Amino acid sequence: PDYSICYNIEDDSVLKSFCEKDEIKNAIADLTNDKDSNQYILSFLSDFSSKSTKDKLEALNNLDFDIINSNFIKSKLSMIYGDILIDKGDLDSGIAKYNQALALVDEKKEFSALLNYKIALAFELKDQILKANEYIDYALECDYQNLSLESNIDRLKWSIAHALSNPSEQ
């Protein structure tokens with residue numbers, strides 16, 4: 001049986017009383033704890049955005065990515081994981097997570113462009129300008145329509161080109 005209707009029940013008192021029965025609560029708990037079910041991932045994602053950065057990092061550390069069937073979801077979570085690590089100053093681990101995400105969905109489209117941009121930016125932060133240039137070029141090879149992303153890629157490419165033309169500043 002599908003008990004997913006029990007997630008948002010505040011507007012219907014009959015449904016709410018049904019969903020508050022112990023057997024229904026136990027069935028939902030069983031589904032959300034079954035790591036092989038899609039319900040487990042939905043449950044993980046449903047409260048993820050409300051977590052603190054520290055709690056998100058802990059949740060991602062504890063998540064078994066192998067149980068996620070969708071490469072798209074794995075790649076998005078890997079990117080978020082990378083974002084958190086970069087924000088915490090762990091550039092090497094963040095780059096590794098971005099590369100994991102890229103390996104899952106390297107389709108030379110917008111998401112690949114975004115990941116390559118993020119990797120290039122992290123390498124620029126590490127003052128590894130040649131590596132940053134390599135990844136920003138990968139981003140430029142992708143097909144994307146997002147004007148904000150295009151602007152960010154162009155700005156970073158200019159910054160990298162400037163750094164490469166002035167080696168004394170590196």
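Excluded from the calculations below are hydrogen atoms, water molecules and symmetry mates; all remaining heavy atoms, backbone and side chain alike, are included. This structure is a prediction, so every number in the text was calculated from the model and none was measured.
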Ile136 with Trp158, same ILVMFWY side-chain cluster at under 4.5 Å: no
Closest non-hydrogen atom pair between Ile129 and Ala163, with its separation: CG2-CB, 4.0 Å
Verdict with supporting geometry, Lys74 and Asn69, side-chain hydrogen bond (donor to acceptor under 3.5 Å, both in side chains): CA-CA 8 Å; Lys74 279 186 203 180; Asn69 294 326; over 6 Å; no
Point-to-point distance, once rounded to the nearest 0.5 Å, from OG of Ser159 to CD of Glu124: 4.0 Å
Stepwise side-chain contact (heavy atoms from CB on, under 4.5 Å) test for Asp87 and Thr53: CA-CA 10 Å; Asp87 289 346; Thr53 300; over 6 Å; no
Straight-line distance of Asn146 CG to Glu110 CD, nearest 0.5 Å: 4.5 Å
Residues in side chain to side chain donor-acceptor pair (under 3.5 Å) contact with Ser93, at least two apart in sequence or another chain: Asp90
Listed once per pair and sorted, the ring pair (Phe, Tyr, Trp, His ring centres under 6.0 Å) pairs that draw on residues 113-156, sequence neighbours left out: Phe123-Tyr135, Tyr135-Tyr138
Nearest non-hydrogen partners of Ser75 and Leu104, listed with the distance: N-CD1, 3.7 Å
Donor-acceptor contact below 3.5 Å, side chain Asp55 vs main chain Lys51: no
Separation between CG of Leu114 and CG of Leu149, rounded to the nearest 0.5 Å: 5.5 Å
Those residues that, when tested against Lys88, pass side-chain contact (heavy atoms from CB on, under 4.5 Å) (two or more places apart): Leu57, Ile84
Trace of the side-chain contact (heavy atoms from CB on, under 4.5 Å) decision for Leu102 with Ile119: CA-CA 10 Å; Leu102 194 57; Ile119 295 168; 4.2 Å; yes
Exam field: side chain Ser151 to backbone Leu147, donor-acceptor pair closer than 3.5 Å: no
Chi angles and distances behind the side-chain contact (heavy atoms from CB on, under 4.5 Å) call for Cys142, Lys109: CA-CA 5 Å; Cys142 296; Lys109 295 194 179 181; 6.0 Å; no
SB check Asp83 Lys97 (cutoff 4.0 Å): no
Any residue meeting side-chain contact (heavy atoms from CB on, under 4.5 Å) with Asp154, in chain and number order, not counting sequence neighbours: Leu140, Glu150
Residues in side chain to side chain donor-acceptor pair (under 3.5 Å) contact with Glu107, at least two apart in sequence or another chain: Ser112
Rounded distance (nearest 0.5 Å) linking atom CG of Leu91 with atom CG of Leu121: 9.5 Å
Residues Lys118, Ile86; criterion side-chain contact (heavy atoms from CB on, under 4.5 Å); working and verdict: CA-CA 9 Å; Lys118 287 176 177 263; Ile86 294 290; over 6 Å; no
Spacing of CD1 belonging to Ile153 relative to CG belonging to Asn116, to within rounding of 0.5 Å: 8.5 Å
Cluster link Tyr98 to Leu130, ILVMFWY, side chain under 4.5 Å: yes
Glu141 (side chain) donor-acceptor with Lys108 (main chain) under 3.5 angstrom: no
Ring pair (Phe, Tyr, Trp, His ring centres under 6.0 Å) pairs, two or more places apart, involving residues 47-81: Phe44-Phe48
Gap between atom CD of Glu58 and atom CG of Leu63 - 0.5 Å precision: 12.5 Å
